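Just below is one structure, and these are the notes that go with it.
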Amino acid sequence: MSDTVPTSWLVYCRPGFESDALAEMQHHAKQQGVPCEPTQGEGWVSLARQDGEAINDLHRQAAFKRLIFARQSLAALPALTLSRDDRLTAILEQVKASRWSFEEIWHETPDTNDGKALAGLIKALTKPLQSMLKKRGALRGKAGARRLHIFWTDGDRVQLGMSFPDNRSELINGIRRLRFPSRAPSRSTLKLEEAWHEFIPREEWDDRLSAHMQAADLGAAPGGWTWQLVQRGMYVYAIDNGPMDKQLMSTGQIDHLREDGFTWEPPQRLDWLVCDIVDKPVRVLAMVERWLTRKWCREAIFNLKLPMKKRWDEVTRCLTTLEESLATAGVSAKISCRHLYHDREEVTVHVRLAH
């Protein structure tokens with residue numbers, strides 16, 4: 001393989017989900033008729049082939065916004081093994097040979113304890129490398145907003161990747177770190193907050209998450225997701241047989257109904273449906289389909305708890321079923337799905353109806 005052109009499509013993912021991220025990548029490669037050689041480590045996976053043009057096309061066509069298990073998506077050069085006496089020269093030489101130019105340099109690691117242990121080394125190398133790349137003209141002011149990612153898998157092992165605007169995560173390591181609000185009833189509150197950041201442009205929050213809206217939270221207790229809705233000023237139907245947080249209930253913005261979330265029906269069309277019920281994906285999906293095909297809400301965010309194996313297959317099956325159900329009902333909608341940082345054995349789905 002040449003070390004001057006991208007020879008692999010590199011993706012970061014949550015440790016433990018490498019096979020799922022890889023299955024998703026191979027699905028896209030198969031769709032485009034691009035056979036590749038898979039490689040994986042802890043918290044990352046890649047597909048490689050000698051044809052750099054095919055890799056570039058694969059990386060571009062498999063748009064990051066449509067990927068589910070990927071935290072970051074890069075067109076990458078072959079991995080480098082560095083000398084512990086001089087870690088910079090090999091990096092500089094590969095950048096020079098590639099003729100890459102870029103506006104930023106991001107040093108990243110897998111989301112593992114070993115990866116985090118590299119922070120000191122990376123900090124020591126950041127400024128010297130940045131200075132050298134500026135002198136060589138690779139790091140410059142106008143380079144199409146391209147970004148060089150230096151992915152450290154060990155102290156002497158790196159892989160250089162390039163990302164492009166509108167086809168990447170704008171977060172270091174692809175991770176959105178949110179501060180847990182101390183007054184929220186449970187840490188699950190961060191799942192809904194992250195979902196809003198992921199699926200709704202910040203400039204649209206005032207219109208789509210506004211104080212005059214009404215929402216339903218199915219399986220609400222003790223109120224982690226309801227808390228987020230209340231913070232936006234919404235009135236919430238909290239549906240759960242379990243108890244809700246007393247301080248949250250004192251806001252007067254919640255109607256707590258001790259009913260079954262799978263069978264409850266709203267009194268009128270609502271703006272939002274949210275759901276983090278722990279149950280089989282097929283059962284949650286059937287419930288949400290009922291809401292969406294009958295247009296009981298305008299937007300929905302819900303989690304699908306996944307099996308331990310073949311998660312990609314399960315997600316694909318669920319999303320296909322949802323798309324087909326909406327199409328049969330004549331309901332036009334935009335569906336998005338992502339394995340968020342604050343998710344565990346689940347993915348988060350967002351659906352916005354056209355009308």
Side-chain angles (χ1 to χ4, degrees), residues 66 68-69 188-200 208-209 213-221 223-226 228-229 232 234-242 255-307 311-340 342-355:
R66 294 200 300 268
I68 296 171
F69 292 101
S188 70
T189 193
L190 297 176
K191 298 180 191 177
L192 184 55
E193 183 181 353
E194 185 181 2
W196 284 344
H197 283 287
E198 182 68 33
F199 300 122
I200 305 177
R208 294 168 62 183
L209 299 169
M213 290 183 167
Q214 295 185 326
D217 183 359
L218 305 183
W225 284 32
T226 295
Q228 290 289 342
L229 298 166
R232 298 297 303 177
M234 296 188 202
Y235 180 85
V236 184
Y237 292 97
I239 314 302
D240 201 309
N241 284 310
D255 189 356
H256 179 204
L257 302 175
R258 293 180 177 274
E259 298 188 36
D260 184 351
F262 286 99
T263 59
W264 182 79
E265 298 182 8
Q268 69 278 331
R269 191 184 192 194
L270 305 180
D271 298 287
W272 276 95
L273 164 69
V274 300
C275 175
D276 190 31
I277 290 177
V278 179
D279 209 314
K280 293 180 179 179
V282 64
R283 192 159 184 251
V284 172
L285 190 67
M287 173 185 63
V288 174
E289 283 177 354
R290 188 167 65 115
W291 274 73
L292 295 173
T293 55
R294 298 183 186 185
K295 297 185 177 180
W296 288 350
C297 61
R298 292 178 173 83
E299 294 193 58
I301 287 177
F302 58 97
N303 279 351
L304 295 174
K305 313 299 177 178
L306 300 178
R311 302 182 186 102
W312 162 249
D313 292 340
E314 183 68 17
V315 171
T316 303
R317 189 180 306 112
C318 287
L319 295 180
T320 299
T321 299
L322 179 58
E323 289 172 358
E324 292 174 349
S325 296
L326 292 176
T328 299
V331 177
S332 178
K334 178 183 178 182
I335 303 172
S336 303
C337 181
R338 177 76 73 179
H339 185 216
L340 301 176
H342 292 94
D343 286 339
R344 294 295 185 265
E345 299 291 331
E346 62 207 352
V347 291
T348 299
V349 183
H350 171 248
V351 182
R352 186 185 189 191
L353 301 190
H355 302 290

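Keep in mind that this is a model prediction, so the values were computed, not measured. Throughout, residue positions are numbered sequentially from 1 according to the sequence presented.
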For the residue pair Leu270 and Ala215, what are the closest heavy atoms and their distance? CD1-C, 3.9 Å

Could you measure the distance from the CZ atom of Arg311 to the CD atom of Glu345? Nearest 0.5 Å is fine. 4.5 Å

Cation-aromatic face contact Arg338/Phe199, 6.0 Å, 45 degrees: no

Restricting to non-hydrogen atoms, name the atom on Val349 and the atom on Cys337 that form the minimum distance, rounded to 0.1 Å. CG2-SG, 3.9 Å

Quick one: do Lys305 and Asp343 make a salt bridge, cutoff under 4.0 Å? no

Would you give the length of the straight line joining atom CG of Leu306 to atom CZ of Arg344, rounded to the nearest 0.5 angstrom? 13.5 Å

Should Leu218 and Met287 count as side-chain neighbours, where that means a heavy-atom distance under 4.5 Å? yes

Pairwise distance CH2(Trp296) to CZ(Arg290) - rounded to 0.5 angstrom: 4.0 Å

Please lay out, stage by stage, how Arg294 and Glu265 fare under the test side chain to side chain contact (heavy atoms under 4.5 Å, CB included). CA-CA 11 Å; Arg294 298 183 186 185; Glu265 298 182 8; 4.2 Å; yes

Is the shortest side-chain heavy-atom distance between Val351 and Leu322 below 4.5 Å? yes

Inter-residue atom distance Ile301.CD1 - Glu194.CD, 0.5 Å rounding: 10.5 Å

Beyond-backbone contact of Leu209 with Met234, side-chain heavy atoms, under 4.5 angstrom: yes

Let me confirm one number: the OG1-CG distance from Thr226 to Leu192, rounded to the nearest 0.5 Å. 9.0 Å

State, to 0.1 Å, how close Ala220 and Asp240 come at their nearest heavy-atom pair, and which atoms those are. N-OD2, 3.2 Å

Check whether any side-chain heavy atom of Glu314 lies under 4.5 Å from a side-chain heavy atom of Thr316, and answer yes or no. no

Aromatic rings Tyr237 and Trp264: how do their planes relate, parallel, tilted or perpendicular, breaks at 30° and 60°? tilted

Any side-chain heavy atom of Arg298 sitting closer than 4.5 Å to one from Leu353? no

Quick one: are Trp196 and Gln228 in side-chain contact, heavy atoms under 4.5 Å? yes

Closer than 3.5 angstrom, by distance alone: can the side chain of Trp225 be matched with the main-chain N or O of Lys191 as a donor-acceptor pair? no

Looking only at non-hydrogen atoms, find the nearest pair between Arg283 and Asp279 and report the distance. NH1-OD2, 2.7 Å

Looking only at heavy atoms, what is the nearest atom pair of Ser325 and Thr293, with distance? O-CG2, 3.9 Å

Derivation of the side chain to side chain contact (heavy atoms under 4.5 Å, CB included) call for Arg352 and Arg208: CA-CA 10 Å; Arg352 186 185 189 191; Arg208 294 168 62 183; 3.4 Å; yes

CG-SG distance between Asp271 and Cys297, expressed to the nearest 0.5 angstrom: 9.5 Å

Does the side chain of Ile277 come within less than 4.5 Å of Phe302's, by heavy atoms? no

4.5 Å side-chain heavy-atom contact, Leu319 and Ile335: yes

So which atom in Leu292 and which in Ala300 form the shortest heavy-atom distance, rounded to 0.1 Å? CD2-CB, 4.2 Å

